[in-house]
Amino acid sequence: MNYWLMKSEPDECSIDTLAQAPAQTVPWIGVRNYQARNFMRDGMRLGDGVLFYHSSCPEPGIAGLAEVSGLAYPDASQFDAQSPYFDPKSTPEAPRWLNVDVRYVRKTALLSLKQMRASPTLASLRVLHAGNRLSITPVTAQEWQAVLALLETL
DNA sequence: GCCAACGTTGGC
DNA sequence: GCCAACGTTGGC
């Protein structure tokens, strides 16, 4: 079992959007970074834990928990010329971009970025490191437990 | 809207 | 394969 932190802009897909989606599941489309793609392709297994993080919004932070419910498969939006995620260099024969499916587990009180930074137990969390831009980052079991423990205190 | 970080592109 | 220019991310 692996753990991940996945960023989403709540304007696009918030924890509430996920909770209200059909089967409480969304395809995690739009990842256009090779490292993040490789985490989905090579690292994610069914049932992996996901910290659902709201980014680019007034209150960035962890807004809920989710799980990987579908293994990586080609991201349809790369072939859609109308999509902002369209990639003219990708072909169906050799798809460049993949997505997993993510299923809602539960909404939590917001663990804000500020609170995360203030917590010594989360000091190692990749997303807190300067300049981190990856939309998907691995989370260790210790970090996962530390986040759950912090959520208990909110 | 600023800007630091850093991934990607493309000329050589 | 180097590296400068450029684009994107994302907190502030």
Side-chain angles (χ1 to χ4, degrees), chain A residues 2-21 26-44 48-68 71-102 104-140 142-144 146-151 153-154:
Chain A
N2 295 317
Y3 302 96
W4 310 92
L5 183 144
M6 299 176 78
K7 295 182 190 173
S8 183
E9 300 189 12
D11 286 350
E12 295 283 323
C13 180
S14 70
I15 189 70
D16 295 319
T17 313
L18 181 61
Q20 290 157 21
V26 297
W28 205 263
I29 62 162
V31 171
R32 294 295 180 268
N33 171 282
Y34 289 105
Q35 207 178 338
R37 180 203 67 182
N38 293 348
F39 285 140
M40 289 196 287
R41 185 188 64 192
D42 306 329
M44 289 195 184
D48 278 3
V50 173
L51 301 173
F52 194 103
Y53 181 91
H54 285 177
S55 70
S56 294
C57 60
E59 281 196 292
I62 292 167
L65 305 180
E67 65 181 1
V68 175
L71 298 176
Y73 58 94
D75 178 338
S77 66
Q78 68 196 303
F79 307 123
D80 177 3
Q82 305 307 313
S83 168
Y85 302 124
F86 178 60
D87 183 349
K89 293 180 182 171
S90 187
T91 65
E93 292 72 30
R96 184 179 288 197
W97 305 113
L98 306 172
N99 66 269
V100 294
D101 290 329
V102 172
Y104 177 81
V105 173
R106 67 183 169 97
K107 185 176 181 175
T108 65
L110 185 82
L111 178 61
S112 72
L113 180 58
K114 193 174 173 183
Q115 289 168 315
M116 291 164 70
R117 289 197 194 286
S119 169
T121 58
L122 296 187
S124 63
L125 206 60
R126 288 266 287 266
V127 78
L128 301 182
H129 293 183
N132 170 75
R133 295 186 313 162
L134 272 182
S135 61
I136 298 174
T137 48
V139 171
T140 66
Q142 290 84 352
E143 290 164 345
W144 175 268
V147 168
L148 293 190
L150 274 173
L151 288 171
T153 70
L154 298 180

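No experiment lies behind these values; they were computed from the predicted model shown. Lettering follows sequence order; numbering is per chain, from 1.
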Pairs where residues 48-58 of chain A contributes a residue and the test salt bridge (charged side-chain N to carboxylate O under 4.0 Å, His left out) is met, not counting sequence neighbours =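 For residues 48-58 of chain A: none.
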
ask   = So which pairs with a foot in residues 82-97 of chain A pass salt bridge (charged side-chain N to carboxylate O under 4.0 Å, His left out), sequence neighbours left out?
value =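 Output for this query lists A/Asp87-A/Arg96.
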
key: Donor-acceptor pair between A/Ser90 and A/Arg32 side chains, under 3.5 angstrom   =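 There is no such pair (donor and acceptor under 3.5 Å, judged by atom type) between the side chains of A/Ser90 and A/Arg32.
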
message = With no hydrogens and no angle check, just 3.5 Å: does a side-chain donor-acceptor pair link A/Tyr85 and A/Asp80?
response =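 Short answer, no.
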
Nucleotides 7-10 of chain B: which of its N/O atoms have a protein N/O under 3.5 Å away?
{"residue": "B/dG7", "atom": "O4'", "partner": "A/Arg133", "partner atom": "NH2", "Å": "2.9"}

ask   = Between B/dA4 atom C1' and A/Asn132 atom CG, what is the distance in whole Å?
value =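 From A/Asn132 CG to B/dA4 C1': 13 Å.
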
d(CD, A/Gln115; C1', C/dG11) in whole Å =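 Rounding to the nearest Å, CD of A/Gln115 and C1' of C/dG11 are 16 Å apart.
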
message = As an exercise, state the distance from CH2 of A/Trp144 to CG of A/Leu51, rounded to the nearest 0.5 Å.
response =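 Here the rounded value is 5.0 Å.
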
